[in-house]
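Taking it in order: structure first as structure tokens, then the write-up.
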2 protein chains.
Amino acid sequence: MERVFIGDLTLHTGKEVHIRGWVDVRRDHGKLIFLDIRDMSGKVQAVLLPSHEEAKVAVETFRSEWVVEIVGNVNKRPEKLVNANEKNGSLEIEITKATVINKAETTPIDVNSDGLQMSEEVRLKYRYLDLRRERMTRNMRVRSQVIKFFRDYLINKERFVEIETPILTKTTPEGARDFLVPARLSKGNFYALPQSPQQYKQLLMVAGFERYFQIARCFRDEDPRADRAYGEFTQLDMEMSFASQEEIMQLTEKMFTEMVESIFPEKHIMQKPWPRLTHKEAKEKFGTDKPDLRKNKEDQDELAFAWTVDFPLFTEQSEEDFFHGSGKSKFAPSHHMFTAPHPDDIGLLETDPTKVRGLQHDLVLNGYEVGGGSVRIHQSKIQEKVFDLIGFNDEQKKQFAHMLEAFTYGVPPHGGIAPGIDRLLMVILGEQSVREVIAFPMTGNGKASIMEAPSVATDEQLTELGIRTIEKNK
Amino acid sequence: MERVFIGDLTLHTGKEVHIRGWVDVRRDHGKLIFLDIRDMSGKVQAVLLPSHEEAKVAVETFRSEWVVEIVGNVNKRPEKLVNANEKNGSLEIEITKATVINKAETTPIDVNSDGLQMSEEVRLKYRYLDLRRERMTRNMRVRSQVIKFFRDYLINKERFVEIETPILTKTTPEGARDFLVPARLSKGNFYALPQSPQQYKQLLMVAGFERYFQIARCFRDEDPRADRAYGEFTQLDMEMSFASQEEIMQLTEKMFTEMVESIFPEKHIMQKPWPRLTHKEAKEKFGTDKPDLRKNKEDQDELAFAWTVDFPLFTEQSEEDFFHGSGKSKFAPSHHMFTAPHPDDIGLLETDPTKVRGLQHDLVLNGYEVGGGSVRIHQSKIQEKVFDLIGFNDEQKKQFAHMLEAFTYGVPPHGGIAPGIDRLLMVILGEQSVREVIAFPMTGNGKASIMEAPSVATDEQLTELGIRTIEKNK
């Protein structure tokens, strides 16, 4: 008999079925034993009547989280026992045969609560159990759905092509610290993990793909902060040729709106079309460039999307601008160094760079920045001017010589955006940390879930890579 | 006037349109000037009649690879000038207005040939131009389509969920050399890039997701070989709970067959259902475990899929088994250390391990292994026995203690497969190297496309990471 998914049981009412899954709970009610059985598709109540002697021997041994196989009849529950809140609340399985597939020790963490009161360290150590809780399972499934929605939308409706770009690459100028990878075949040298596929996506525009996207893994060695995951994050990386800033924003807005309406019908978007604020307005009115425009901040289902535009092209350079010189120069790019100046402000690049507006657009949701993008520079001359203003030395300029050269061979005007998947899901799902929407996040201070990483390497490995550690592992 | 994609021009016959793209070729025929214009969606011939004086001034300056904007009427070509081999071969655009969007220097590589005769070093240096050639553009677009097909199939038809697993993680026991990443927040320690998401996908089965997949980036620091790309590759990583080896193979076979029939209708699959060979048969009959079963090896459109099964669970350990001790122990896993022994052969683990068959299944296509998988061990005891046989010391066993522990909390029987996307596309597209189906591959000896990577790091960076280089960069 073929296995039936628990989520499909309503289609089998009155029939004998074979299900497999985990024992969620066992309840002994005198002569009756009830089991809640859970599989990837749902939950169902199974009942053992005293008459099924053989099954009873097995069921009496069952404990929570055991993996079991049940054969039984799908019966309608009597009217007064119907639980309208559950998908299978109007039926139950009358067990005729029960088998253990695999036993389980008592789990070290409770998987039936929402888990929010537990120590996160313990939750991450046992992430494979933590993910069993309903909330976490839902978060992972919703994440898969949202990403699928974006892919379908971009490929099926908007002619985008998805292209994978390298993870072992060169430093990317996003202003954060790089992760480095020692190169065994070229000792003394290092790859960098990409802070974003910025250069590659622009080069794909030079290559003529016109509409590229990728669900891209990005890496930044940033210092811990409570609500983020250390090390890596995922963004919906998009780039379009021949598109104005207006077109990029409209496509994004339409796609996000349809995504919310399709996957989260219970949510309401506060204002459509989304309000747009200039950076100046936002700062003056709300004291921030990512204002929370919700009317009722208690309402879990309110989503206040907004755009912030007309950012200054440059900010003051700070010590955190690793790439640009950690405060040694005057300006740092407000977004990144490929963002185009507003066409009306080109002259100001010479006379008063702080006044130049950039063609940057930030996507704001409930007070969080969930994406940023811009129209890019596509003229070598202006790109060189920006390099000068952010204080690039010759060595740094040389690192981007390939971009300047590429721009001489027929580059279309282009621009894009890169919404952050983790942050977006955190806000929509009402979670307090991006770690709640990532399957195996690192802790804030860089320890992996479950596994002991980072960890020591052998001397053999290090010698092969041409490196040594300075301090010994403590 | 809104821009029309060249691929949609047949819908606009008789109308005035506005197109944008690159000048593919310009041909001057006396009074007439012909331009082939190319965008992401296709190519079209545009003609300048002598009467359009104003457009002529612009068009006469146009060169190959310039980015231009054309306004003109979509006319039907006279019967005798129709080119039936081209999508837009029955029409041409009569240019009324022409504008330069961006000029182009003469490209350092020809982008109109198939590029196969050129130096690969030069092609990769100018990959953003190399990708403009029709063959490479097609390869990238087909890659996106194939991956989209798998995603749609697994999510829409087979209830899989896509889950992202970490890139900064712990060493994974696939038998190859790891890439290491120095950990700034834990000096002297290192992350490893995953050789595959093997452990994570098994832990997702423990978590109860039952059907997981991911288009996963994997990393192996393997020595150069002509037909592969160094460093990273992409696999369709899949895992299923409660599925027999038979079910895993059938799902894979059905999905691949439908993919080929849908995306490559010109190809014919030699035998359906795919032939299955035991490892022994394959070795005896063909001298290899990945036989090329095509009848006519000259036929570009013949695809001979096959399964190889009943591999020995262990092979002799060699120096290349970095993870298992580089030849210091007797056995290495034939597939990997989580592969389950054939249930009939469990006893032989004690008496004659070389005779134990593993529940491994290799997917073979035209003589290439394009995927491997297995049913996994889901009992801690057997897993420990395998650890002993492959010569794990206590330190190594400790590294997998979390797997043994996880298996005590209710793990379902599970297994999977991981077809390699790069190799699969190389074979189907008839390419000689996986580098022809990867947008920005590394050279065989580990140099990045376009960018100067790997490259030196600053002393500041290295100090922050707690490492030093042994040899100076040469």
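Lettering follows sequence order; numbering is per chain, from 1. Atom set for the values below is all heavy atoms of this structure, side chains included, hydrogens, waters and symmetry mates excluded.
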Region of [X] in contact with chain B, defined by heavy-atom distances below 4.5 Å:
| X | answer |
| --- | --- |
| A/W22 | side chain |
| A/R217 | side chain |
| A/I155 | side chain |
| A/F5 | side chain |

Subject >> Pairing residues for A/F219 by the ring-ring contact (aromatic ring centres under 6.0 Å, His included) criterion, not counting sequence neighbours >> reply: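 Testing A/F219 for ring-ring contact (aromatic ring centres under 6.0 Å, His included), a comparison that skips the adjacent residues, returns none.
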
Decide, yes or no, whether a salt bridge links [X] with [Y] under the criterion of side-chain N to carboxylate O below 4.0 Å.
| X | Y | value |
| --- | --- | --- |
| A/R184 | B/D178 | no |
| A/E210 | B/R3 | yes |
| A/R151 | B/E162 | yes |
| B/E452 | A/K398 | no |

Original post:
What option among B/L193, B/N445, B/T165, B/I163 has the most heavy-atom pairs under 4.5 Å with chain A?
Top reply: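 Most heavy-atom pairs within the cutoff with chain A belong to B/T165.
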
Original post:
What heavy-atom pair brings A/A104 and B/G410 nearest, and what distance separates the two atoms?
Top reply: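 Result for this residue pair: CB-N, 3.4 Å.
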
**OP:** Of all the heavy-atom pairs spanning B/L180 and A/A457, show the shortest one and how long it is.
**Re:**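 Heavy atoms of B/L180 and A/A457 come nearest at CD1-CB, 3.7 Å.
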
Original post:
Which bit of B/L168 comes within less than 4.5 Å of chain A, counting heavy atoms only: side chain, backbone, both or neither?
Top reply: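 Both the backbone and the side chain of B/L168 come within 4.5 Å of chain A.
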
